[in-house]
Protein chains: 2
Amino acid sequence: MIYDIDVTEELIKNNIKPSYQRLKILSYLAFKRNHPTVEQIFNELVDDIPTLSKTTVYNSLNLFIQAGLVKPLNIEDHETRYDYDTSDHGHFKCIECGTIKDFSLKIDIDNDSMSGYEILEKNVYCKGYCPRCLENKKKI
Amino acid sequence: MIYDIDVTEELIKNNIKPSYQRLKILSYLAFKRNHPTVEQIFNELVDDIPTLSKTTVYNSLNLFIQAGLVKPLNIEDHETRYDYDTSDHGHFKCIECGTIKDFSLKIDIDNDSMSGYEILEKNVYCKGYCPRCLENKKKI
DNA sequence: ATGATAAATGTAACGATTACAAATGTGGAG
DNA sequence: CTCCACATTTGTAATCGTTACATTTATCAT
Ligand SMILES: [Mn+2]
Ligand SMILES: [Mn+2]
Ligand SMILES: [Zn+2]
Ligand SMILES: [Zn+2]
């Protein structure tokens, strides 16, 4: 499985050496844009890189997060997901099938109550049922 | 340490038997309203109830969540926090001192992109520095 | 009191993540 | 090219929050 997105320059710009594993992991995220877990990333890349270690996936992702190339998502408390899109947007997770969808949004935070605070990071996520799972529930 | 808030009726209404431990745990949340971790709840209540088990804290909280009396917060992936206030509001966590503050907000989700989806739950949280920690940083 | 049922407890198991030491790869000096 | 220092990767063990499960304790109707 080869992903045609070249992320070499992106890594170099951020002072991260573009090793074989790092390139594969970051281009996987850039190509798929699927908010995967470490488990998913590992399982899909281990075919390409039989010697791949899960530790390397964790290490690389943490490097990317430090550099601001990737954003971690804490939608579920027991599984971190990773997003190549670091722009400000929300996430919807279907509690039936687990798929995650991006959505755009505008947050209006009451500025009076937050004066004096320095906000560095905003996170929004919703949970519910996706259209497909709603359909399936009707049939049963 | 005695919390004067009587949550007996609240439990009965939700078909949860008001045992000694459950009353203590829920009234702790109702009185403090401090978004504590299980660790915090356990440490502060074990003085009152020397036989208290952490499992009981987990079990009780999960009961409360099922009944909608309490909302779990996944701000950090490795620690669930518990909120007695189940109304729609956002949370700010200071990345220096860890304190969590409520804030009111209005989310405008682009309805076109979410048509067909059933949204059951919205979550918003921010991270940054609280006023006190900003002050301390300036001094150093 | 007695026995049935529910709740609480203690310990073991689990799963995601990190720590750490050993193995492997890389790149430059000689 | 060979050797060596250094960075990266790998495998394994440790950690930590949470859950599973079996045992003990409490509650309550008979
Ligand atoms: Mn996204
Ligand atoms: Mn709150
Ligand atoms: Zn779905
Ligand atoms: Zn602070």
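Bear in mind the structure is a predicted one, so any value in this text is a computation, not a measurement. Naming convention: chains lettered A, B, ... in sequence-line order (proteins, then strands); numbering from 1 in each chain. In what follows, every heavy atom counts, from backbone to side chain, and hydrogens, waters and symmetry copies are set aside.
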Extract all donor-acceptor atom pairs below 3.5 Å that involve side chains of residues 131-140 of chain B and protein atoms in other chains or at least two apart in sequence.
none

Do any side-chain atoms of residues 50-57 of chain A form donor-acceptor pairs under 3.5 angstrom with protein atoms, and if so which ones, sequence neighbours left out?
{"from": "A/S53", "atom 1": "OG", "to": "A/T55", "atom 2": "N", "distance (Å)": "3.1"}
{"from": "A/K54", "atom 1": "NZ", "to": "A/E39", "atom 2": "OE1", "distance (Å)": "2.9"}

Throw together a table of side-chain donor-acceptor distances under 3.5 angstrom for residues 66-74 of chain A, partners on residues two or more places apart or in other chains.
{"from": "A/N74", "atom 1": "ND2", "to": "B/I75", "atom 2": "O", "distance (Å)": "3.3"}

For a quick test of your reading: what N or O donor-acceptor pairs under 3.5 Å do the side chains of residues 83-98 of chain A make, sequence neighbours left out?
{"from": "A/D83", "atom 1": "OD1", "to": "A/D85", "atom 2": "N", "distance (Å)": "2.9"}
{"from": "A/D83", "atom 1": "OD2", "to": "A/H35", "atom 2": "NE2", "distance (Å)": "3.2"}
{"from": "A/D83", "atom 1": "OD2", "to": "A/H89", "atom 2": "NE2", "distance (Å)": "3.0"}
{"from": "A/D83", "atom 1": "OD2", "to": "A/H91", "atom 2": "NE2", "distance (Å)": "2.9"}
{"from": "A/Y84", "atom 1": "OH", "to": "A/E10", "atom 2": "OE1", "distance (Å)": "2.7"}
{"from": "A/Y84", "atom 1": "OH", "to": "A/E10", "atom 2": "OE2", "distance (Å)": "3.1"}
{"from": "A/D85", "atom 1": "OD1", "to": "A/S87", "atom 2": "N", "distance (Å)": "2.9"}
{"from": "A/D85", "atom 1": "OD1", "to": "A/S87", "atom 2": "OG", "distance (Å)": "2.7"}
{"from": "A/H89", "atom 1": "ND1", "to": "A/S87", "atom 2": "O", "distance (Å)": "2.7"}
{"from": "A/H89", "atom 1": "NE2", "to": "A/H91", "atom 2": "NE2", "distance (Å)": "3.0"}
{"from": "A/H89", "atom 1": "NE2", "to": "A/D102", "atom 2": "OD1", "distance (Å)": "3.0"}
{"from": "A/H91", "atom 1": "NE2", "to": "A/H35", "atom 2": "NE2", "distance (Å)": "3.2"}
{"from": "A/H91", "atom 1": "NE2", "to": "A/D102", "atom 2": "OD1", "distance (Å)": "3.0"}
{"from": "A/K93", "atom 1": "NZ", "to": "A/E76", "atom 2": "OE1", "distance (Å)": "3.0"}
{"from": "A/K93", "atom 1": "NZ", "to": "A/E79", "atom 2": "OE2", "distance (Å)": "3.0"}

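The CG atom of B/D48 sits 15 Å away from the P atom of C/dA8 (whole-angstrom rounding). The nearest whole Å value for the distance from the CD1 atom in B/I49 to the P atom in C/dT9 is 7 Å. Rounded to a whole Å, the CZ atom of A/F42 is 15 Å from the C1' atom of C/dG15. As rounded to whole Å, 11 Å separates atom P of C/dA7 from atom CG of B/N15.
For C/dT9, the OP1/OP2 oxygens have a side-chain nitrogen or oxygen of B/T51 closer than 4.0 Å. Taking 4.0 angstrom as the limit, A/Y58 places a side-chain polar atom (N or O) nearer than this to OP1 or OP2 of C/dT17.
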Review item, nucleotides 19-25 of chain C N/O atoms under 3.5 Å of protein N/O:
none

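Here the side chain of A/N14 pairs no donor or acceptor atom with the backbone of A/I16 at under 3.5 angstrom.
For DNA chain D, the span of nucleotides reached by chain B at under 4.0 Å from its heavy atoms goes, 5' to 3', from D/dG17 to D/dA20.
Within the structure, ring pair (Phe, Tyr, Trp, His ring centres under 6.0 Å) pairs that include any residue of residues 36-72 of chain A do not occur (at least two apart or interchain). For residues 61-70 of chain A, the set of pairs meeting the salt bridge (Lys or Arg N to Asp or Glu O under 4.0 Å) definition, not counting sequence neighbours, is empty.
Using a 4.5 Å cut-off between side-chain heavy atoms of Ile, Leu, Val, Met, Phe, Trp and Tyr, B/I12 forms no hydrophobic cluster with any other residue.
Remark: B/T80 pairs with A/D77 by the side chain to side chain donor-acceptor pair (under 3.5 Å) rule, at least two apart or across chains. Residues forming a side chain to side chain donor-acceptor pair (under 3.5 Å) with A/N34 (at least two apart in sequence, or on another chain): A/Y28.
If you check every strand for non-hydrogen atoms under 4.0 Å, A/T56 touches a base. A/K54 comes within 4.0 angstrom of nothing in the nucleic acid, heavy atoms only.
In this structure, A/E39 and B/L52 both approach DNA chain C, and ranking their closest nucleotides by distance from the 5' end singles out B/L52.
Within residues 61-82 of chain A, the residues approached by DNA chain C to less than 4.0 Å at the level of any non-hydrogen atom are A/N62, A/H78, A/T80, in residue-number order.
Note that OG of A/S27 and CG of A/L45 are 7.5 Å apart. Values are rounded to the nearest 0.5 Å.
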